Each structure stands twice: as C-alpha cells, then as structure tokens.
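Inspection log for the structure reproduced underneath, given as structure tokens.
Model, not experiment: these values are computed from the prediction. First the proteins, then the strands, lettered A, B, ... as listed; each starts at 1.
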Amino acid sequence: MTPQASQQLIAVLELRWRIFANSLRTVRGRLELASRIFIGVIFVVGGLGGAVALGGAAWFLTSEGNVEWLGTLLWPVFLFWQLFPVLATAFTENIDSSSLLRFPLSYWSYFLIRLAYGSLDPATTVASLWLLGITVGLGVARPKLLPFTVVVLLTFAMVNLLLARMIFAWLERWLAQRRTREILGVVFFLFILGAQIIGPLITLYGHTSKPETTMLGQEVFNAQRPLPPGLAAAALADIVQGQPWASLISLLLLGLYGLGFFLLLNFRLRAQYRGENLSESVARKVTRAEAKTLQRAWNVPGLSAPIAAVFEKELRYLSRSGPMLFTLIVPMFMLLVFRSSGRNQGVFAHAPELTFPLGAAYALLLLTNLCYNNFGSDGSGVQFFFASPVHFRQIMVGKNLAHSCVFVLEVILVWLGTSLLYRPASIEVTLATVVCLLFVLPIDLAAGNLFSIYSPNRIEAGVFGRQRASLTTVLASFVIRGALFGVGAVVLWLSRHYAGSWIIILIFSLLVGLAFTSYVFVLDYIDGIALRQRENLISQLSR
Amino acid sequence: MDSVTISTENLTRRFGELVAVEDVKLRVSSGQFFGFLGPNGAGKSTTIKMLTGLLAPTAGRIQILGLDLIENLVEVKSQIGVVPEGMALFGRLTGSEYLNFVGRMYGLDRDTAARRAAELLEFMQLADQPKTLVTDYSHGMQKKLALAAAVIHGPKVLFLDEPFEGVDAIAAGTLKAMLQRMIARGATVFLTSHVLEIVERLCSHVGIIHRGRLVAQGSLEELRAGVEARIASLPVAAAPGEKLTLEQIFLSTVGGSRSGAQELSWLS
C-alpha cells in the first residue's frame, strides 16, 4: 500500500471517529451509543457462547475420530455469516461509496475500505468468534495441526468475508433498477417453489427403509462437499486423518472460491469506482401522445384528499424501493427455514399453529424501518409536510394506512405460505392471531409515530444495507413488541389452560378497543408534538 | 395605500447563544416582488423558514395576508406557496406524480390537480420525461419542478429560498417567466437570492439583512437614494452619471468589500 493510500485509510478512520465523537454531543447520540453497547454485549455473549459450544463440539468430534462431521459446525457459521446481514439489515453497516469517490482515492484503497466496513459488522464479529472457538477446539484436540487449522479457517473466514461483501454489492446493484429487481423477484419465487420439494423429499425418505435414508444423507453430504464449508471441513478432516495432499487440494479449492468471490466483488466495485449511476433513470421512451395523457392521482374511496395523497405516495415509494421490497419477502424465506428445520417433531408437530402466528409477528418486526421511522425515506421532502396546509395527524394516518395495508398483505402471504408448506392453520389460531394483531398493530403504529418524530433517521430508499432506523429505535421497537406479544402470549396461555381458544378472542377484543383508543389518543397530540419537533425532524432528514 | 401581505414585529430567533435573527420588522405589500438579501449566515433562510411555518420564532409576531401565522397556521399555509432550502421534493415520484400529490395536499380535486400538473409540466418544459423519477432530474429541472409545485394551488404569496441557485440561464428564464406571471395575477413574491443581477432585474422592493438585523428595506430607488446620500463611504463607487447597481448598494449597506485579498502562503 502506498503512503498516500495509508494516509487516506487513516483519514477515513479518523473521520469515522470524529463523526462518532461529535454524535455524542446530543442526547440522541448518547442514547444511540448506549443502544450500540447493549446490542454489542448481546452479540458478544452470543459470539462467546457459540464459540465455547462450537469449540467443545470440534474438540469432541476430533477426539472421538468423527472429523467427517466437522462440516456440521462450519455450515451454521457460514449460513449465519451470509444470511444474517441480509435478514437483519437494521444491524448492518454499509458505506455510501459516492461520498468517497470525489477524493483522489486509488481503486485498491476504495476496495479495502469497502472490505473493512464489512469486517466490522456483527455477523462477521460473531462468526469470527465462532471460528476462533472451533480453532481452539481443534487445536486442543490436535495441537500439532494448529498452524494448518489456522490457515484453513482463516481462508474460510476470508471466503466468507468476500462472499458477504459480494452478495451485498450485487444485491444493491440488482435491487437498484426495476428490470433487474423484477428478475431477482422471479428468481426468489422460483427458489421458494423449488424449496417446496424439500417437504415431499423428507416425506418420501423420512419414513422409508434405513438404507434409502442413509443414501439420501450420503447424497446431501456429497452435495455440500464441494461448497466452501464442505471444503474447509474436508481440509481439516483430511489432515487429521493423515491425508495431507487431499487436504491441500481442498484448501486450494477453498482458496479458488475466495478468488472467484474476490473477482466478482472486484468487478462490481470497479463499476462503482468508475462512477456508475444505479438509478432508475433508464426510462422507457414515451410518445408525445402518451406524454400528453393526463395522469390522475388515485381515487381512494372514503379518504380525504390529503390522506389519499399521502397513502398513494407511500405505496409508490415502497414499490420503488427494491431493498424495502426485498425485506418484505423475507417472512416467506423464514417460513422455508422453519419448514426445512423439521417436520412432525418437537414443536414442529404443531407447525401451522406456531408458524402462522410467528410468521405474522416476524412480518411486523420487518416493518420497523417503515413504522418507526416513517419519514426516513422522505428526506428533505419532510419540509413540504410542514409547509402544506394539512394537519400532521392526516399525514400520519395516510402513512399508517399504507403501512397497515403492506402488513395485511404480508400476513395474508404468511398464511398462504403456511397453508402451502404445511396445512392451513386452524380457524381458532387464525382468528386468535388476527385479533392479537389488531391489538398489537394500533399500539405499534402509535409508538412508531412518536419514534418517527422524536428519533428520525434519513433513509436512502434505493440502496441496500443503509436504510436502517436508529439502533435506539430498533431496540425500543423490540421492547414494545416484546411487551405487546408478551401480553398476547399470556392471554393465549390462560385461554389454553382455563377456557379454550375462543375466550382469547373476547379478551383480545377488549384489548383491541384499548389499543385503538391509545392510537387515537396519540394521534390527537401528534400535531403539537410534530410542531415542537419540526426543527429536529427537518435538520435530521434534510442533511 | 397598498395592503400589507407580509408583516413581522420584533421577529427574533435564537439558537442557544447565537442570535440568528433579531428584532426584524418586515413590511411587504401585496403585489410586490420582494428580494431578501444578505451575506452568508445573515439570517435569510432562518427568516423565510419562520415566515413559512418551518421554524418557530423565539419571539415576535408574523402576519401573512392579515392572519397571525401561529394562530392560523393551516389557513395561512393554504394561501402560500413555498420553495424551501433543499426544495423538499420527493425523489422517488415522477414529476407528474409529485405535482398531483402536492395538488391533492392543497385540497385540489383529482381532475383539477391532474390538469394543472400537466399544464405546469408543459410550461416548465418537463413534460417530455413523464417516467423519470425526480431523483434523476437535473438540478435545474428539480428547481423548476419545485416552483411548479409551489404554484399549483394558485397561492397569493410565494416564498422562494434561493430559487436561482445552481440554475442555468435557460432554466432561470423559465423560472423568471413563471414568477412574472404570478406577479401579473396579483400575487406577492418573497425571494432570497445571492444572484444580485436577477434580483435587480426582477424585484421592485428589497430588504437587506445583516448579522440577523434588517438593515435596509424599501424600493430599489429608495435604497439607492439612501446610499447615494452617504456616497463618500461607498467601497465601490459608481461611475459619474451612472445609477448605482444593486451590488454596490448591497456592498455599501453590509459594509463588504472585494478588495484586500490576503496572500495564501501556498498559492503565492
């Protein structure tokens, strides 16, 4: 690295530090730090706990001579590393490259900065701790092989890091434009349809004769072997079993994966570095007659003009935010994860009864960015709301209605997904879940409205991994939803033990009344609150 | 006597220890094209934000069209149009969608909003890109769209914060044409600008704010006469027989000078 490049990297680090230090001047910044520390502690505990568990498992497998099972330890690490940042963008840090490109930054400095940001996110930290645990476990079991273990697991870590960055970079690219977004959507749904084969396969082989099950297990084992976790596990297993050449070949293939991911990431970042424009600007050519066609606003019966206008604007925004749309299809993905986790065993014996309420609750969690930061994507446009002759409560109602529609659509999709993947949830569970949501949603929206005004965060609607609410808001939303669903769970538990499922509908009806009253109560005060907070709101969103 | 459209009494805004605007007493009559000038950081944007309800004053009163702004916030807002700093656009709508949205927010019915949006896009020469998102508009196009949005409901008063900043001559011509139409139909225009030539050509009246205080206010002729009275202290004097330009009036009023350039050690 040239001295100039090192200086630039140091300058970026100092910049990050200064931004962080300056943010502590405000109460909001200090709250954000407290939230960050709290979340950091949770991740560190998870990371250390996982490291101990995986380390112990690695030691056990190696000591017992079952090294071929090491892959079962590396796959969870791999999946967590790759999926967590995509499924939980609220905790993901990504860089806005456009702010760096105006400086005389060499391409490799730019590349390193992008990579360095990736290595600071929670998934990388936790997964690295887990790998460290595995390294220690293997090192204790086979001290002589520790250097080679370190090399293999470092390569594995590098492959993961490059793959995660590459996925982010390409997802951002594909989600940025309508055509590629639509193609990605089709691919995702094909994946969902394809994944449904898992169920019939398990049914087919799960209850049949032992040799066939073993054969399927062997096929799965063979299929995963050429993939990065399989190769890393093979490299470790082979060296333990005294086959250094086979081990080296696996390590080499793992390195080739790393090289492949590096090249794909490099290709993407080069395009960014050259200054590509990932906007929707490639608009279809229109004829003069089309251009002359009068375009009217939506006619939404029952809504006043301003509320209808905000409702329409919110849904248009959402439909043009690829990353947000991507987040909204994640519940379907989670259903698949549930589905492939087990069938007719343990808690999954009651799958539809559990999956539908859990899926619906998860769908609500994913609306955090929308509901708890509902001016985030408006940017400086928020000034218009204050300049227009409209009460703030009307704006909030328009936004809340749009977000509620999205949520209802999500819940319907989850119900359909549950029905397709398992069987339809019972009428009692469906009704209980719906009524529970009717209790949770108004309070959640009311809380979201308050947080949106008190703790706004500007969101870049067109980019992936940078559209997060403040961590304080995310934590608060978790606490509020935890409390709300806690109430729901208690009522459900009471009803199951003392009366039967129908009673909860009655109790929830009372709670629903209370929830709507709370929503209206907050709405009544929202105009005054918004006016008092307008300076903060405008300055936070307009910068 | 002209009716007063915009008036303020003791308008003051503090940010902690900093007094951004102090004791400002503005008078803008109906039908005036009023240019609000001042050096960077003088308090222009803070004043216009207070006049449009985007910022609460620390002290003082604001009356727009005879109505107290604080007490009649919604009513006043329905009669004014605003192009604030940063333009307040919604980037992920198309121009037409944005204008329809704004029209509906100002209470226009769907047909009227659609018709006016189409006319405005045509007038502003934005109609040939109906599918382009606002975020992909050039800066000049965004300025034109922001002005179109500010006038879609036919306001009686227009507040424009730096409408000509970063705009090329062609776009500036379109903006000026629109503003002159507004004045012709009896509206009042209140704008801040750094482009003194444009202000001089467009505005009938000018106010100059310096370090938060309103240091001059009146028609161009009145200000010129005031400055000529103390011509001796003028940093940039006009040639004999020539009228003082607004730039000279401005520099004289705020005490600025273009002379006295300092040496930069690394640029000498």
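With hydrogens and angles left out, the side-chain atoms of A:Asn373 and A:Ser452 include no donor and acceptor closer than 3.5 Å.
In this structure a side-chain-to-backbone donor-acceptor pair under 3.5 Å is missing from B:Thr5 to B:Leu65. Under a 3.5 Å cut-off, the side chain of B:Arg213 and the backbone N or O of B:Glu22 do not form any donor-acceptor pair. Judged by distance alone, with hydrogens and angles left aside, the side-chain atoms of B:Thr12 form a donor-acceptor pair with the main-chain N or O of B:Asp23 at under 3.5 Å. A donor-acceptor distance shorter than 3.5 angstrom exists from the side chain of A:Ser404 to the backbone of A:Asn400, with no hydrogens or angles considered.
Both the backbone and the side chain of B:Asp111 come within less than 4.5 Å of a heavy atom in chain A. Looking at B:Val76, there are no atoms closer than 4.5 Å to chain A (heavy atoms on both sides), in backbone or side chain. Heavy atoms of A:Leu537 lying under 4.5 Å from chain B are absent altogether. For B:Leu89, the part lying near chain A is the backbone, with the side chain staying farther off; criterion is any non-hydrogen pair under 4.5 Å. Proximity to chain B (any heavy atom under 4.5 Å) is shown, for A:Gln295, by both the backbone and the side chain. When heavy atoms are compared at a cutoff of 4.5 Å, B:Ile80 does not approach chain A at all. Neither the backbone nor the side chain of A:Ile307 has a heavy atom closer than 4.5 Å to any heavy atom of chain B. The contact between B:Ala56 and chain A is made by backbone and side chain atoms together, counting heavy-atom distances below 4.5 Å.
The pair B:Asp68-B:Arg61 meets the salt-bridge criterion, with a side-chain N (NZ, NE, NH1 or NH2) lying under 4.0 Å from an Asp/Glu carboxylate O.
Options B:Ala88, B:Ser78, B:Gly103, B:Ala114 differ in how many heavy-atom pairs under 4.5 Å they form with chain A, and the most are formed by B:Ala88. No other option in B:Asp109, B:Val102, B:Leu121 has as many heavy-atom pairs under 4.5 Å with chain A as B:Val102. Residue with the most contacts toward chain B among A:Ala309, A:Gly398, A:Ala308: A:Ala309 (heavy-atom pairs, distance under 4.5 Å).
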Between B:Asn40 and B:His194, is the side-chain hydrogen bond (donor to acceptor under 3.5 Å, both in side chains) condition met? List the steps.
CA-CA 9 Å; B:Asn40 291 331; B:His194 282 112; 2.9 Å; yes
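Atom NZ of B:Lys77 has more than 12 heavy atoms from other residues, nucleotides or ligands within 6.0 Å. Around the CZ atom of B:Arg211, the shell of radius 6.0 Å holds no more than 12 heavy atoms that belong to other residues, nucleotides or ligands.
The side-chain tip of B:Arg104 does not point at the ring of B:Tyr106 from less than 6.0 angstrom away and within 45° of straight on. For the pair A:Lys313 and A:Phe311, the cation-pi criterion (under 6.0 Å, within 45° of the ring axis) is not fulfilled.
Taking 4.5 Å as the heavy-atom cut-off, none of the residues of residues 141-153 of chain B approach chain A.
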